[in-house]
Amino acid sequence: MSKSQTWGIVAEFDSASAIYQAAEKTMANGYQRVDAHTPFPVHGLDKALRQGPSPLGWLVICCGFSGICLAQLMMWWMNGHDYVIWTSGKLPYAWQSTIPVTFECMVLLSGFGAVFGMFGLNRLPRLHHPIFQHATFWRVTDDRFFLSIEATDPKFDRTQTVRFLESIGGKHVAVVEDIQ
Amino acid sequence: MTAIQVVDEPENPLVRAPLVEGKNDFTSVTNIIASVAEKKTPRGWYLMFGISIALLLNLGAMIGYLVFTGIGVWGNNIPVGWGWPIVNFVFWIGIGHAGTLISAILFLFRQKWRTSINRASEAMTIFAVMAAGIFPAIHVGRLWVIYWVFPVPNQMSMWPNFKSPLLWDVFAVSTYFTISALFWFVGLIPDLATFRDRAAKAGRTVAAKAYGLFAFGWHGSNRHWIHYEKAYLILAALSTPLVLSVHSIVSFDFAVSLLPGWHTTIFPPYFVAGAIFSGFGMVITLMVPARQWLGLHELITLNHLDNIAKILLLTGTMVGYAYGMEFFIAWYSGVEYEQYAFINRATGPYWWSYWIMVSCNVISPQFFWFRSLRRNPMVLFIISIFVNIGMWFERFVICITSLHRDFLPSSWGYFSPTLIDILTYCGSFGLFFTFFLLFCRFLPILAISEVKGVMPEANPHHGHGHHGNDAHGSHAAHH
């Protein structure tokens with residue numbers, strides 16, 4: 001059984017400056033669950049939409065630190081403890097010779113943290129999204145800019161919000177349903 | 001949308017040349033790049049792809065023959081235990097440095113001109129590292145126990161020796177490949193979404209599904225862009241020391257040994273400069289024809305080629321300085337073996353390879369002092385071929401001439417490659433070009449969203465008269 005409920009309202013804008021001004025006006029009007037959809041990151045839009053910075057850096061620092069610890073533990077345990085190999089009179093474990101591998105492991109785990117952390121924070125991959133049903137939304141990856149106000153917004157109203165988005169210059173303003 | 005004028009008169013250093021030329025807006029940028037993959041496959045592509053596939057099959061045959069017969073099919077022997085396979089490994093891994101350099105280092109330095117060449121260069125990096133990785137793997141002889149280099153339990157109950165630079169190299173190259181591939185994929189996601197949406201609109205369902213699967217459901221949300229840009233910045237910050245570390249560690253394969261000609265402290269910076277030089281050489285070799293055949297003149301402009309030529313001039317000159325400094329240190333050290341190794345390089349039985357190296361790597365980039373030559377694609381292409389040849393010979397000189405006359409004159413020898421050596425090397429080009437041609441055919445070969453981001457109209461305060469701009473300007477002035 002499929003049921004449908006309103007996901008939100010989507011409006012199209014022509015340019016980076018238009019979406020920027022629309023975002024400022026929408027926030028000034030008291031809407032909260034607002035997002036912009038753009039073909040490339042528009043500078044300053046996060047401030048206009050009052051979206052905070054990404055916490056990804058902290059995650060990556062933790063991953064990098066784990067990489068350092070795991071690499072050191074691995075090399076100490078394998079070469080200095082579990083099966084000691086004496087070559088050229090060098091110590092089985094000496095921190096100097098472990099630096100290159102430690103560095104590489106740090107970079108590897110940090111990179112995993114950055115990429116998979118970004119996907120996690122963005123809840124991606126998600127192959128379906130209600131907003132794709134908007135008639136002209138396919139141009140978001142080409143040359144158009146979209147503003148969405150979700151139905152969960154306290155100020156959301158099917159007629160008032162549509163009228164508001166049209167008043168600030170939005171085109172193809174349409175209610176998007178979430179079909180499940 | 002504002003039209004941008006073509007700037008081709010002598011450069012005024014006070015005015016920054018536009019990064020996208022001609023009357024282009026966001027729509028036309030998407031169209032130019034997407035049409036490369038959407039229009040009918042040109043006949044020339046099939047021809048080149050056929051040649052590449054043939055060479056790739058030849059590589060498979062050569063590796064099969066090697067595995068079933070043994071390392072004796074190559075020219076490697078005592079005293080030259082590291083022959084062409086190691087030369088080819090260092091050659092390809094060097095080429096694999098330009099992509100990440102362009103993506104990461106130029107990104108951190110806010111060099112916006114990188115946007116039109118970074119995608120193809122990153123692809124080049126990944127395919128070059130794949131070609132490079134084959135050689136040390138098959139060089140171990142017994143390919144079926146290659147997993148002994150990884151820290152996994154094996155039948156000897158032994159662990160790898162982490163004091164060996166060769167093992168550092170395993171970690172460096174595999175990390176480099178993984179991070180470069182992730183960096184490339186992250187950059188591709190918004191552009192794959194563009195391809196998905198265009199394919200869906202045009203009714204090409206299979207293509208839309210395939211691109212859609214890898215686009216991960218990207219819908220350009222600003223919340224997504226915030227995390228995305230952060231991830232991109234972090235990857236750039238990680239890749240910058242990574243790219244410098246990889247060729248440094250490759251140079252440790254040589255420098256940590258005690259062999260005259262190899263045991264030098266200049267090796268890490270010298271190898272890194274050489275890697276950047278050879279990588280940018282290959283970028284030119286690939287991008288000049290691609291720009292011509294795929295009609296990308298307005299996105300890959302003469303200013304871009306000019307910038308790459310300047311980097312070639314700089315790194316080529318640095319490599320030349322390293323060649324000179326190696327000789328000076330050999331003399332200054334007072335060690336007769338060291339001195340002999342270098343005099344033997346320039347005047348011994350392999351003198352020809354040394355002078356091919358010097359003329360291709362040091363002399364040929366000096367033409368780029370002239371602006372007219374930097375902006376002539378034909379000249380760039382020809383010099384880039386010389387750079388590729390010269391950088392292969394650099395690795396040949398380092399490997400072969402340092403080994404062929406060792407400490408005991410009775411064991412001196414002269415290395416000659418076998419036919420199998422030559423065919424295996426040609427085969428590695430087949431691997432590289434097969435993947436590169438597939439990339440050119442099916443994927444966005446320029447970073448669409450990044451190119452749009454550096455166009456003037458991408459600035460939200462662009463064009464829209466005074467109200468937007470001034471409001472913010474005066475706002476800022478008050479603080």
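So you know, we letter chains A, B, ... as the sequences are listed, proteins then strands, and number each from 1. Reckoned from all heavy atoms, side chains included, excluding hydrogens, waters and symmetry mates.
- T178(B) touches chain A through its side chain: at least one heavy atom from C-beta onward sits under 4.5 Å away, while N, CA, C and O do not.
- Contacts of Y176(B) with chain A are absent, with no heavy-atom separation under 4.5 Å from either backbone or side chain.
- The structure places CD of E229(B) at 8.0 Å from CG of D46(A), a figure rounded to the nearest 0.5 Å.
- Atom NZ of K163(B) is separated from atom NZ of K90(A) by 8.0 Å, given to the nearest 0.5 angstrom.
- Taking 4.5 Å as the heavy-atom cut-off, the residues of residues 238-247 of chain B that approach chain A are L238(B), P241(B), L242(B), S245(B), ordered by number.
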Acceptor/donor pairs from residues 202-215 of chain B side chains to any protein atom, 3.5 angstrom cut, sequence neighbours excluded:
residue : atom : partner : partner atom : Å
R204(B) : NH2  : E38(B)  : OE2          : 3.4
Y211(B) : OH   : F442(B) : O            : 2.6

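- Between the CZ atom in R144(A) and the OG1 atom in T27(B) there is a gap of 6.0 Å [rounded to 0.5 Å].
- Less than 6.0 angstrom separates the ring centroid of H461(B) from the ring centroid of Y20(A).
- Residue V84(A): no heavy atom, backbone or side chain, is found under 4.5 Å from chain B.
- Comparing G113(A), A48(A), A16(A) by heavy-atom pairs within less than 4.5 Å of chain B, the highest count is held by A16(A).
- At a 4.5 Å heavy-atom cutoff, the contact between K201(B) and chain A is made by side-chain atoms alone.
- Chain B forms the most heavy-atom pairs under 4.5 Å with one residue out of Q96(A), H129(A), H128(A), H43(A), and that residue is H129(A).
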From CA spacing to verdict: side chain to side chain contact (heavy atoms under 4.5 Å, CB included), K452(B), D142(A): CA-CA 9 Å; K452(B) 288 175 189 163; D142(A) 184 6; 4.2 Å; yes
Y228(B)/S54(A) under side chain to side chain contact (heavy atoms under 4.5 Å, CB included): CA gap, chis, key distance, verdict: CA-CA 9 Å; Y228(B) 178 92; S54(A) 173; over 6 Å; no
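- Separation of atoms NE2 (H224(B)) and CG (N122(A)) is listed at 4.0 Å; rounding is to 0.5 Å.
- Checked by atom type and distance alone, the side chain of N222(B) never pairs as donor or acceptor with a backbone atom of D35(A) at under 3.5 Å.
- Using bins of under 30°, 30° to 60° and over 60° for the plane-to-plane angle, the ring pair H219(B)/H37(A) lands in the tilted bin.
- With rounding to the nearest 0.5 Å, the separation of CG in L121(A) from CD1 in I226(B) is 11.0 Å.
- Between the CZ atom in F103(A) and the OG1 atom in T175(B) there is a gap of 9.0 Å [rounded to 0.5 Å].
- By number of non-hydrogen pairs under 4.5 angstrom with chain A, the leading residue of S174(B), A34(B), S449(B) is S449(B).
- In this structure, the ring-ring contact (aromatic ring centres under 6.0 Å, His included) partners of F107(B), at least two apart in sequence or on a different chain, are Y232(B).
- Distance alone, capped at 3.5 Å, places no donor-acceptor pair between the D197(B) side chain and the R139(A) backbone.
- Applying the ring-ring contact (aromatic ring centres under 6.0 Å, His included) rule to W138(A) yields no partners; only residues at least two apart in sequence or on another chain are considered.
- Only the backbone of L91(A) comes within less than 4.5 Å of a heavy atom in chain B; its side chain stays farther off.
- Checked by atom type and distance alone, the side chain of W225(B) pairs as donor or acceptor with a backbone atom of T38(A) at under 3.5 Å.
- Here A172(B) is the residue among A200(B), S157(B), A172(B) with the most heavy-atom pairs under 4.5 Å with chain A.
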